[in-house]
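All residue numbers refer to positions in the sequence shown, counting from 1.
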Amino acid sequence: MNVASNRMFLIATVVVMAAISPVRAQFRVLETDQLRLVYYGQAQAFVVKHTARCFHNSLAFHQALFDYHSKEKIIVAVYDPSDFGNAGAGTLPWNAVTLAIAPPSYAFETTPSNERINATMNHEIVHIAAADKASGRDRFFRHLFFGKVAESSEHPESIVYSYLTTPRRSAPRWYHEGIAVFLETWMAGGLGRALGSYDEMVFRTAIRDSARLYDLVGLESEGTKINFQVGAMSYLYGGRFMSYMALRDDPEKLIAWVSRTSGSKSYFSSQFKHVYGLSLD
């Protein structure tokens with residue numbers, strides 16, 4: 001399983017186990033009209049109401065920005081598996097967020113932020129809104145296939161069905177993390193990775209040392225493997241590129257690229273050319 005699959009498997013396991021007695025007694029659920037928050041016992045109860053408030057504040061912002069409205073309750077699974085905080089979001093087959101509630105690691109200052117739950121929700125809900133928002137064509141296929149289709153390695157043809165139901169999910173990680181990094185910084189008034197000191201150091205050092213800067217293919221193949229912080233390159237390059245495009249034109253045009261609307265192109269690079277009149281390469 002990849003990281004996204006592991007996260008969705010965790011969420012599915014938690015939700016199913018929460019419905020089974022006597023395990024059900026150990027899991028608790030807080031529900032609102034838009035949220036189903038699953039957490040484990042009294043030990044995590046202290047953060048539940050705050051998490052729900054942060055979720056709704058972030059969702060309201062992205063609803064207005066993307067004109068996005070989820071057709072389902074978004075699952076947030078709170079857990080505490082490690083010494084360092086983390087989170088992930090997915091839209092297949094449900095809209096869901098996993099939230100590791102430990103404080104994040106600030107080594108190398110890669111994640112400058114205000115209060116951690118608030119900052120995490122601002123970042124993760126971007127993934128939900130940007131990947132789940134559907135055009136009329138997408139909604140047609142979701143109705144035809146009885147929901148959003150998750151890819152399966154046992155059935156490679158499921159990739160096609162998945163793309164038809166959630167086309168914007170079929171994009172490289174730098175694209176997804178780039179817009180989330182840009183918006184987490186925007187929502188915090190400039191406090192975030194798009195204006196982080198670590199990010200600035202990486203690119204200034206690369207230019208000074210005449211180091212290799214990766215293209216689209218190289219970033220996803222070699223670039224993410226050689227970095228000692230696995231996956232950080234996607235955040236660095238994606239956040240830098242999104243910030244550059246917002247500076248070059250304006251933030252509204254950037255959102256027009258990322259947002260799936262009627263008349264927009266399904267594939268992310270085709271939509272880039274549609275909005276900017278330029279090849280993404």
Q: Taking the side chain as every heavy atom from C-beta outward, state whether Glu177 and His123 have any atom pair closer than 4.5 Å.
A: yes
Q: Report the C-alpha distance between Phe27 and Tyr39 in whole Å, list the side-chain angles of each, state the deciding distance to 0.1 Å, and finish with yes or no for side-chain contact (heavy atoms from CB on, under 4.5 Å).
A: CA-CA 6 Å; Phe27 285 91; Tyr39 62 103; over 6 Å; no
**Q.** N/O donor-acceptor pair under 3.5 Å between His127 side chain and Gly90 backbone
**A.** no
Q: Check the pair Ile207, Leu213 against side-chain contact (heavy atoms from CB on, under 4.5 Å), reporting the backbone distance first and the verdict last.
A: CA-CA 9 Å; Ile207 297 302; Leu213 295 177; 4.1 Å; yes
Q | Separation between NE2 of His50 and CE of Met121, rounded to the nearest 0.5 Å | A | 9.5 Å
Q: Applying ring-ring contact (aromatic ring centres under 6.0 Å, His included) between Tyr175 and each of Tyr267, Trp257, Phe241, report the one that passes.
A: Trp257
Q. What are the two closest non-hydrogen atoms of Ser152 and Ser158, and how far apart are they?
A. N-OG, 2.8 Å
(Q) Does any part of the side chain of Gln34, heavy atoms only, come nearer than 4.5 Å to the side chain of Ser70, both counted from C-beta? (A) no
Q: Would you kindly say whether His274 and Ser264 are connected by a side-chain donor-acceptor distance under 3.5 Å?
A: no
Q: Assign the ring pair Phe182 / Trp186 to parallel, tilted or perpendicular, where the plane angle (0 to 90°) is split at 30° and 60°.
A: perpendicular
Q) Going only through I, L, V, M, F, W and Y residues with side-chain contacts under 4.5 Å, is there a path from Ile255 to Leu59? A) yes
Q: Check whether any side-chain heavy atom of Leu254 sits under 4.5 Å from a side-chain heavy atom of Ile179, and report yes or no.
A: yes
**Q.** Residues Phe268, Leu280; criterion side-chain contact (heavy atoms from CB on, under 4.5 Å); working and verdict
**A.** CA-CA 9 Å; Phe268 79 103; Leu280 184 58; 3.4 Å; yes
Q) Any side-chain heavy-atom pair from Leu216 and Asp281 closer than 4.5 angstrom? A) yes
Q. Got more than 12 heavy atoms from elsewhere within 6.0 Å of OH, Tyr244?
A. no
Q: Would you please test Leu236 and Tyr198 for side-chain contact (heavy atoms from CB on, under 4.5 Å) and show each step?
A: CA-CA 9 Å; Leu236 293 170; Tyr198 180 84; 4.1 Å; yes
(Q) If the condition is ring pair (Phe, Tyr, Trp, His ring centres under 6.0 Å), which residues does Phe61 pass it with, not counting sequence neighbours? (A) none
Q | Over 12 foreign heavy atoms within 6.0 Å of NZ, Lys49 | A | no
Q.
Listing request: all salt bridge (Lys or Arg N to Asp or Glu O under 4.0 Å) pairs with a residue in residues 125-136, at least two apart in sequence or in separate chains.
A. Asp132-Arg142, Asp132-Lys148
Q | Working for salt bridge (charged side-chain N to carboxylate O under 4.0 Å, His left out), residues Glu31 and Lys73 | A | CA-CA 9 Å; Glu31 291 204 49; Lys73 288 189 179 185; 2.7 Å; yes
(Q) Would you say that more than 12 heavy atoms from the other residues, nucleotides or ligands in this model lie under 6.0 Å from the NZ of Lys265, or not? (A) no
Q: Hey, could you give me the CZ/CD1 distance between Phe46 and Ile101, rounded to the nearest 0.5 Å?
A: 4.5 Å
Q. What about Tyr237 and Trp174, are their ring centers closer than 6.0 Å?
A. no
Q.
Under 3.5 Å, is there a donor on one side chain and an acceptor on the other for Arg260 and Gln271?
A. no
Q: Please tell me if the side chains of Gln44 and Asp80 come closer than 4.5 Å, counting only heavy atoms from C-beta onward.
A: yes
Q) Side chains of Leu219 and Met233: does their closest heavy-atom pair fall under 4.5 Å? A) yes
Q) Side chains of Ile125 and Phe55: does their closest heavy-atom pair fall under 4.5 Å? A) yes
Q: Check the pair Arg240 / Glu200 against salt bridge (charged side-chain N to carboxylate O under 4.0 Å, His left out), numbers first and verdict last.
A: CA-CA 9 Å; Arg240 199 73 164 186; Glu200 191 71 9; 2.9 Å; yes
Q. Would you say Val78 and Val48 make side-chain contact, with heavy atoms under 4.5 Å?
A. no
Q) Going from CD1 on Ile117 to SG on Cys54, what distance comes out if it is rounded to the nearest 0.5 angstrom? A) 7.0 Å
